[in-house]
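Okay, so here's the structure we're looking at.
Proteins get letters first, then strands, A, B, ... in listed order; numbering begins at 1 in each.
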Amino acid sequence: MARTSHRVTAALLVAVLVSACGNVSSDAGASGDSGEAPPGITTDEITLGATLPLTGTAAVAGQGLEAGLRIAADEINAAGGINGRKVKLVLLDDGFAPDRVVTNVRRLVSQEKVYALVAPSGSQGLPGTWSFIADNGTPVWGPVSPADPKQQEVYLLSATRASQQQVAIDYFAEQGSTKLAVIKQDNDLGVSMKLALDLQLPKHPDVKIVANEDVQPGSTDVSSAVNKVIAAKPEALLLATDNNQVALILQHLRQRNITIPVFADQGGAGTGGTSAVGPAGAAAEGLIGGMQADVVSTDNPSVEHWRSLAKKYQGQQGESGFSLQTYSFLKAFAELVKRLGGDVSYANFNKTAESLADNPISLGSIPDIACGKLPNGHTCVQQAGLAEFKDGKWTVLRKFTPPK
Amino acid sequence: MSEPGRATATTTHTEDPTMVTAGAEAVTEPSAHAVGRTKGLVAVVALLLLFAAPFVLNSYLLFVLNLTLVYAVATLGFNLLVGWSGQIGLAHAALFAIGAYGSAIAMEQGVPFLVTIPLVGLAAGGLAVLIGFPAIRLTGFFLAIATLALGMAIVELLKGARAVTGGGGGLNVEVFTLPGINGSASTYFVTLAVAAVAFFLVRRSLIGRFGRTLQAVRHLGQLSGSLGVSALRYRLIAFGLSGFIAAVAGSLYGQLQTFVFPAMFEMNLLVPMLVMVFVGGAGSHWGPLIGAAFAVVLIELFQDLGDLQAIAYGVVLMVAIAVLPGGLVSLFATFRDSRLVGRLLARRTASERSEVRA
Amino acid sequence: MLLEIEDARTGYGRLEVLHGVSLNVAEGEIITVLGPNGTGKTTLMRLLSGVVPLWSGRVRFDGSDLLKATPEKRASLGLCQLPEGRGIFQTLTVGENLHLGTASRRASAARVRADRDRVLGVFPELAGRLTASASSLSGGQQQMLALARAMMGRPRLLLIDELSFGLAPRIVHDLFEVVRELRDDGVTFLIVEQQASALRVSDRTYVMRNGRNELDRASADLLASDELVASYLR
Amino acid sequence: MLQTVLSGLESGSWFALLGLAIVVVMKAADVPNFAMAEIGLVATYVGTVLNAAGISFWPAVVVTLVIGTLLAIVIDLALMRKLAKHGHFPLLLMTIGLSLALNALIGLIWGHEPRSFTAPWSGNHLDVGGLDVSWAQVVTIVVGALGAIGITAFFRSPMGAQMRAVAENRETARLIGVNAGRLSAIAWGLGGLIASTAVMLQAQSTLVSTHSAASLIIYGFVAATMGGFVSLFGTFAGGLALGIIQQVVGTYISTSAQFAVALLAVFLVLMLRPGGFTKGMRLRDV
């Protein structure tokens with residue numbers, strides 16, 4: 001009896017192996033680089049996906065990012081969709097955990113069959129998906145974090161953290177600050193800060209880093225880092241932390257009556273919104289935030305337009321800077337797909353996207369999107385701006401400029 | 001609780017409940033052995049189905065299945081330690097990380113992936129024995145806290161050793177592919193093969209004397225806390241084995257994720273691992289598979305709940321514990337012991353039992 | 001009858017340990033349950049104190065069924081226990097241990113103080129050591145403390161598991177003297193023993209073997225027939 | 001250096017109080033409570049909401065403490081009680097599940113933005129011989145010390161003695177008539193009260209949010225370990241020492257080593273003194 005079952009098993013194994021071997025030779029789904037119809041697109045619908053940190057340590061940012069996407073999709077659909085196709089959004093939560101980002105991207109591409117990923121912001125897990133993305137050819141339009149400009153499928157639509165930090169270093173150098181201090185998290189935030197320092201310090205020989213402290217991601221204990229920074233007597237402080245820690249550090253500094261200027265990138269400072277300055281309270285006065293998108297309170301007409309839509313949004317964080325950012329990204333995506341005309345193949349998508357350098361997408365709320373060919377062309381935007389939080393309100397300190 | 005002298009005296013002249021239950025379980029075991037052949041067939045069919053998975057599932061579902069198997073292997077090791085030897089050692093996520101990182105780093109140095117599997121297993125097994133040394137002096141929560149602390153410290157070290165591990169920024173993992181097969185399917189086949197071997201070997205060893213000794217050691221520990229040298233040796237062996245298996249699972253996990261970060265191996269991994277052990281039923285054979293499937297599927301199903309998913313996860317876990325304190329596996333046991341089934345099986349088991357008693 | 005047990009069966013898991021025990025205790029009696037190791041004496045104690053459930057049969061205390069009562073509920077009914085191994089809390093002081101005896105009843109501070117003075121009158125050795133750690137007491141003193149603590153709960157029936165355990169014969173003798181005194185105060189006793197020494201103070205004795213009670217005799221009779229005792233205890 | 005020690009005493013007081021809350025529940029209810037920080041956090045969030053809504057400080061504090069206490073009691077009665085007979089593992093997991101659920105609940109109701117509890121003394125400073133001392137720090141350290149003294153006194157009372165008896169041997173205590181169930185509810189309530197105090201102290205001097213609970217609970221357990229899960233004094237001293245070690249390591253070695261050093265300290269303590277700083281009796285096996 002046992003022996004028979006073994007034989008049957010072996011026979012079945014061989015049969016299955018032989019018959020189906022061809023099916024597992026490629027990871028790509030129905031897509032491909034040729035003119036085949038890409039997934040997620042029908043005559044009247046286009047499915048787009050994103051993985052976002054809707055819960056966990058970055059939930060405030062994630063909710064804002066979600067809001068922007070939903071506001072834009074509603075607006076596009078109300079106006080009849082993109083070339084007649086309604087936008088269907090599939091937004092998954094990754095809880096800011098890298099492993100769940102990887103699972104989510106698989107799900108979006110293979111299960112939900114999305115046409116493209118728009119503005120995914122899956123903590124640091126995204127790099128773990130690049131090879132899978134490459135196999136499927138799925139465009140990744142405007143990953144918010146982290147940035148990797150070397151992938152064929154990935155288009156960066158806003159200044160990276162490092163670029164923002166570079167612009168900030170330029171700014172402080174111009175203001176005559178020579179002693180800078182740094183507090184960074186030991187993760188991709190810290191990595192980008194290190195990159196920015198390596199790139200920009202040689203350009204400002206007078207500028208010295210007098211303190212360079214690490215803090216635990218997610219920790220509320222920042223006091224020893226702050227104490228060390230204070231002891232080093234810097235003239236300005238650069239932060240590469242999440243918005244909670246930005247708020248905490250500001251409070252600690254101001255409690256000790258230290259009034260040096262403090263910079264954090266768009267994510268950390270929540271530029272335009274309240275994610276960092278709200279909790280920081282009075283201590284937020286004077287915080288300088290990096291700008292990937294315009295500040296939410298300007299009278300820029302395109303921002304005003306977004307603001308009128310955001311006011312009606314039902315969920316949380318609708319009027320935050322994160323919301324404006326992803327709103328702009330999805331609007332830009334719609335514009336690009338419009339330009340594709342009848343040929344929505346990935347080949348045409350990439351060709352059209354890479355020609356944006358000649359005919360940029362200009363929205364007004366974010367710097368013009370001008371993508372080119374690899375190796376450097378997929379970093380479609382390099383300019384970052386700076387905004388200052390003053391009298392309870394964000395005001396532009398420096399218009400969008402590329403780092404020196 | 002009490003000093004050893006008195007504890008021994010107590011056991012000599014009471015009818016100890018734990019010993020008695022252990023005996024009662026032993027009585028039922030041979031009947032399970034009798035249906036072993038059917039069970040073997042079931043296992044073979046299940047294996048076949050699993051083998052066919054890449055041909056029918058899309059990349060996402062295959063990934064989820066693969067993840068389930070990886071977690072099942074990890075839980076197999078964890079269950080050996082927590083369920084069978086009764087030691088709540090909480091360095092398991094860190095040993096899993098050693099597997100993921102060790103394998104990736106060894107591959108960078110040119111070691112073939114399949115060779116790195118036993119290598120990281122041995123390294124983590126050795127480390128686990130070192131971690132287990134506190135077990136000689138510590139029991140219960142003290143052991144849990146000490147191993148938790150050590151495990152977290154190991155993850156911190158991974159973060160700190162930036163030159164080798166990439167620090168908090170993560171480490172890219174070179175993916176091993178079987179010739180002629182795509183990455184996802186290849187990773188899956190390797191996982192499936194390793195999982196099958198691991199489950200087979202662990203089950204074999206636990207059914208025999210080793211498993212009985214482990215359980216005896218566990219019960220002894222509950223009684224007195226003072227143990228003989230050989231009992232301590234068994235505790236360490238349990239640590240070493242669980243560490244070995246954890247690292248093997250970790251190396252598979254690295255292949256699956258293709259990018260590893262220290263943040264993957266903190267409490268957010270340890271908690272699901274504990275859930276998997278518990279839900280599957282501590283000290284059961286197939287529990288790890290059930291537990292892993294439960295945990296992974298639950299997270300994926302709850303994706304659609306949006307903001308509510310975290311709360312749903314917590315609530316489901318709480319309800320599961322409240323309703324089934326013995327884990328999902330206890331459902332089957334309850335079913336088996338229920339009157340109806342009991343009556344149906346009565347004739348058969350009665351004859352078997354009389355055989356055993358004689 | 002203060003305590004009636006009829007054909008009680010219980011055990012652990014699936015294993016039956018008591019195969020039908022029946023015994024009665026009348027108000028004011030001192031009853032001994034005698035038997036060698038592993039006959040289910042401790043299980044009987046656990047059954048009476050509510051630690052193990054009754055499988056079948058009946059246990060009635062003062063006319064009411066005890067089936068559902070928790071250990072602490074039984075204590076508050078006056079069914080108190082002096083647990084095996086004395087149950088003295090080593091990390092508490094002597095005074096605190098003594099005070100624990102009142103945990104099961106509501107009593108005014110004055111009543112408690114009066115009770116304490118009365119109990120300390122019976123055990124003068126403890127009186128001077130109230131603030132000392134209980135772990136500093138000798139074995140005999142700890143057994144006294146356990147008895148004294150049980151008295152603080154004003155028990156109606158006191159279950160004692162191995163009063164003589166690990167103590168010198170002289171001390172055992174003294175303790176049994178105290179038991180006799182307390183009985184005169186109105187306390188009923190059910191004492192489980194391995195040694196025959198308890199027979200001298202008790203009124204009646206049950207002999208247990210293999211989870212059943214096999215003999216119920218006046219203690220004096222049993223004591224007189226040495227042979228019988230020997231045959232059961234060896 | 002003094003500034004560092006002061007910061008250390010402040011955070012150490014939070015750790016110490018949370019550790020005490022854990023130990024109290026552990027002693028009387030025999031549950032390792034991983035949801036302790038979240039219980040305190042729920043209560044504190046209610047307090048901050050009242051605070052922000054214009055309710056004056058002291059009534060808000062009282063409401064916070066009452067909610068923390070009641071929440072803990074309800075958890076004991078509704079969830080923990082009937083699991084006790086199944087051993088430690090389900091209990092441990094139940095508190096973990098509870099911490100996840102409570103944390104998510106806070107996020108759902110109040111969002112994930114960090115909050116603070118504005119006290120009348122918020123922002124006020126003292127200059128003590130060049131040392132910059134905030135009133136928030138003074139309040140934290142003083143309340144922490146008073147809390148520890150109060151709990152110690154409680155455990156000297158007759159009810160406290162009953163709890164210690166239960167901690168030493170639950171079954172024996174029940175046999176002699178100690179109502180372990182009632183004591184466990186009281187211990188949970190007391191634990192909830194202390195945890196709410198700890199989180200509220202944290203909120204009046206810095207920010208709390210749904211993710212500040214995770215590190216607080218770990219440090220609380222570290223403190224409890226230092227006290228061997230039984231010694232109140234050991235836990236309190238352990239918590240303070242942990243806070244100071246953290247700050248000193250952060251200042252003189254590296255802020256990124258803080259966590260690892262704290263964990264290794266626990267390990268060393270356990271290896272050198274398996275019963276904690278102040279060796280009490282051994283704990284029951286799992």
Which region of [X], side chain (C-beta onward) or backbone (N, CA, C, O), has a non-hydrogen atom less than 4.5 Å from a non-hydrogen atom of chain D, or is it both or neither?
X	value
B:Y313	side chain
B:L150	side chain
B:V155	neither

Working to the nearest 0.5 Å, report the span between [atom1] of [X] and [atom2] of [Y].
X	Y	atom1	atom2	answer
B:M267	D:S215	CE	OG	12.0 Å
D:L98	B:I321	CG	CD1	9.5 Å
B:L308	D:L105	CG	CG	10.0 Å

What part of [X] gets within 4.5 angstrom of chain B, counting heavy atoms only: side chain, backbone, both, or neither?
X	result
D:L264	side chain
D:L108	side chain
D:L102	neither
D:L79	side chain
D:I218	side chain

* What pair of heavy atoms forms the shortest contact from D:K82 to B:A322, and how long is it? ->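 Residues D:K82 and B:A322, closest heavy atoms: NZ-O, 3.8 Å.
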* To do: Could you pull out the closest heavy-atom pair between B:V271 and D:I96, with the gap in Å?
  =>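 Nearest pair, atom of B:V271 first, then D:I96: CG1-CG2, 3.5 Å.
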* To do: Apply side chain to side chain contact (heavy atoms under 4.5 Å, CB included) to the pair B:L317 and D:M94, showing each step before the final yes or no.
  => CA-CA 8 Å; B:L317 179 57; D:M94 180 59 100; over 6 Å; no
